[in-house]
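Whatever order the structure lists them in is the order used to number ligands and atoms, beginning at 1. Just so it is clear, the model here is predicted, and its values are computed rather than measured.
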Amino acid sequence: MPEYKIVVPATSANVGPGFDVLGIALSLFLELDVTVDSSSSVHLDPNSSPKYNLTLEYSSENSSVSLDPDENLICLVSLHVLKKFNYFEFPKYTHVKVTNNIPLGRGLGSSAAAIVAGVLLANAVFQLNLSLSQMFDFCLEFENHPDNTTPAIVGGVSASYVLDHSATKDKVDYVKIPVNKSLKAIVAIPEFELPTSHSRSVLPKSYTISDIVHNLQRIATLTIALGQDPIVPERIYNSMKDKLHQPYRSALVPGLSKFLSSLTCSNTPGLVGVCLSGAGPTTLALAYDNFEAIGSKIIEIFDSESKGSFKTKYYILDIVDCGAYCNCTSS
Ligand SMILES: Nc1ncnc2c1ncn2[C@@H]1O[C@H](COP(=O)(O)OP(=O)(O)OP(=O)(O)O)[C@@H](O)[C@H]1O
Ligand SMILES: N[C@@H](CCO)C(=O)O
């Protein structure tokens, strides 16, 4: 009876000036427990009619997610990969139990985690031995900017670029960026969802050269500053400023402008930088100390700016150096 455990981290994309380029893997996880078991009782349930020989179960509060393999993102990706290898269904009695701790549509890479999990699911059950490059290519077919999927696969902080969307393979290349080990992420998660498609639709089609240069200067310094020891808070703080996406998305996230302008490394000990996480509405603060105090200060800002229209909670998360993995727990 083969059993697999697939684990994929949450990710925060962009990291200030790194729009569609940078991403951080964080210690919040999507987990899949996969069994291929002819004696499993879940298949005796008359309401659970397997499609593609697959049944799906979510253990946590993701009630909006479809359990139909033709609609569920993890299954769609997995079936897409399988078709490329001329498989059209899973082995009989495949059951996938999903435990998802990554909130949906909040800017913490839930869709990227689901996509990566789908690729790893196909890879594990059919022993496809996919290379890293093949995994990146499959992910790119579902999310055409790799800033979430790359750190979800390789962990840590990464920068990636798409070589050529029209190439037939090996489209994504990446580097991992050294990060000072004392840094942690404080993510403040509002209780409302903001679909990435909507958050991208408010961005302009063109930019001034001064705004582009603003971000180019900062992304270059940020990628070095994050790994420096001792940390130079002002350098990271200034390097995390952005002019390509945050100004346009501020209208979608009440409190974002105040969060970005009022918390500085001078008035908040331990803080080194602030930005929108991915497409929002979650915000990210990087810090090396005083994590709880910074978290409380962020919540105060959002509680006052939201005027009671939504609540915000915060998590203190580690930057995880290990990306997605799959363990075979029995044979
Ligand atoms: N564990 C999951 N299982 C199935 N579908 C999922 C899962 N996680 C995310 N999704 C799908 O992805 C959608 C959210 O994707 P979206 O790109 O809008 O947000 P996000 O990935 O959380 O944010 P961002 O890309 O800004 O980090 C969900 O509404 C759902 O359709
Ligand atoms: N770089 C992407 C991340 C969200 O998927 C964006 O900001 O739209």
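Evaluation of the side-chain hydrogen bond (donor to acceptor under 3.5 Å, both in side chains) test over residues 118-129, restricted to residues two or more places apart or in two chains, returns none. Judged as a side-chain hydrogen bond (donor to acceptor under 3.5 Å, both in side chains), the pairs with a partner in residues 262-281 (not counting sequence neighbours) are, in order, S12-S277, T264-N267, T268-K297. Here ring pair (Phe, Tyr, Trp, His ring centres under 6.0 Å) pairs that include residues 170-198, with residues two or more places apart or in two chains, are F136-Y174, F192-F310.
Within ligand 1, the atoms closer than 4.0 Å to a non-hydrogen atom of L30 are 1 (N), numbered from 1 in the order shown. Applying the 4.0 Å criterion to heavy atoms of V65 picks out, from ligand 1, the atoms 3 (N), 4 (C). Atoms of ligand 1 lying under 4.0 Å from at least one heavy atom of R106, given by number and element, are 22 (O). The contact set between ligand 1 and N148, taken as ligand atoms under 4.0 Å from a residue heavy atom, comprises 25 (O), 27 (O). The atoms of ligand 1 that sit less than 4.0 Å from any heavy atom of A279 are 26 (O). When each atom of ligand 1 is checked for a heavy atom of L73 under 4.0 Å away, the hits are 5 (N), 11 (C). In summary, the atoms of ligand 1 found under 4.0 Å from a heavy atom of P195, numbered by their order in the structure, are 18 (O).
Nearest heavy atoms, F90 versus S78: CZ-OG, 3.6 Å. Taking both residues in full, the closest heavy atoms of I219 and G18 are given as CD1-CA, 3.5 Å, listed atom of the first, atom of the second, then distance. Minimum interatomic distance between D170 and D137 (heavy atoms only, all atoms of both residues): N-OD2, 2.6 Å. Across all their heavy atoms, T329 and Y4 have their closest contact at OG1-N, 4.1 Å.
Although no hydrogens or angles enter the test, the distance criterion places no donor-acceptor pair under 3.5 Å between the side chain of S199 and the main chain of P195. R106 places a side-chain N or O within 3.5 Å of a backbone atom of L104 that can act as its donor or acceptor partner. Within the 3.5 Å criterion, the main-chain N or O of K5 finds no donor-acceptor partner in the side chain of D33.
For K171 and E141, the salt-bridge test fails: no basic side-chain N is under 4.0 Å from an acidic carboxylate O.
Contact annotation for L108 and ligand 1: only backbone heavy atoms (N, CA, C, O) come within less than 4.0 Å of the ligand. If you look at T11 next to ligand 1, there are no close heavy atoms at all, none under 4.0 Å. Neither the backbone nor the side chain of E193 comes within contact range of ligand 1; no heavy atom lies under 4.0 Å. The proximity of N100 to ligand 1, defined as any non-hydrogen pair under 4.0 Å, is limited to the side chain. With a 4.0 Å heavy-atom cut-off, ligand 1 is reached by the backbone of S110 and by its side chain too.
The option with the heavy atom closest to atom 19 (O) of ligand 1, from among S12, G105, A13, is G105. Of the options P103, G109, G278, the smallest heavy-atom separation from atom 27 (O) of ligand 1 is shown by G109.
In this structure the side chain of R200 reaches within 4.5 angstrom of the side chain of H145, judged on heavy atoms.
No option in D321, I319, T11 other than I319 meets the side-chain contact (heavy atoms from CB on, under 4.5 Å) test with V157.
Taking the six-membered ring for Trp and thresholds of 30 and 60 degrees, Y87 and F126 have ring planes inclined between 30 and 60 degrees apart.
Looking at ligand 1, you won't find any N or O of L194 less than 3.5 Å from one of its N or O atoms. Taking distance alone, with nitrogen or oxygen atoms compared against 3.5 Å, L104 stays at or beyond that limit from ligand 1. For ligand 1, one of its N or O atoms has an N or O atom of T196 under 3.5 Å away. Of the polar atoms of E143, none of the N or O atoms is found under 3.5 Å from an N or O of ligand 1, judged by distance alone. Among the atoms of S111, some N or O lies under 3.5 angstrom from an N or O of ligand 1.
No side-chain donor from either of S158 and T150 sits under 3.5 Å from a side-chain acceptor of the other.
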Between ligand 2 and the protein, give all atom pairs where both partners are nitrogen or oxygen and the distance is under 3.5 Å, as lines of names plus distance to 0.1 Å.
{"residue": "ligand 2", "atom": "1 (N)", "partner": "N14", "partner atom": "OD1", "Å": "2.9"}
{"residue": "ligand 2", "atom": "1 (N)", "partner": "D20", "partner atom": "OD1", "Å": "2.5"}
{"residue": "ligand 2", "atom": "1 (N)", "partner": "D147", "partner atom": "OD2", "Å": "2.6"}
{"residue": "ligand 2", "atom": "5 (O)", "partner": "N148", "partner atom": "OD1", "Å": "3.3"}
{"residue": "ligand 2", "atom": "7 (O)", "partner": "N14", "partner atom": "ND2", "Å": "2.8"}
{"residue": "ligand 2", "atom": "7 (O)", "partner": "R249", "partner atom": "NH1", "Å": "2.8"}
{"residue": "ligand 2", "atom": "7 (O)", "partner": "R249", "partner atom": "NH2", "Å": "3.4"}
{"residue": "ligand 2", "atom": "8 (O)", "partner": "R200", "partner atom": "NH1", "Å": "2.6"}
{"residue": "ligand 2", "atom": "8 (O)", "partner": "R249", "partner atom": "NH2", "Å": "2.8"}

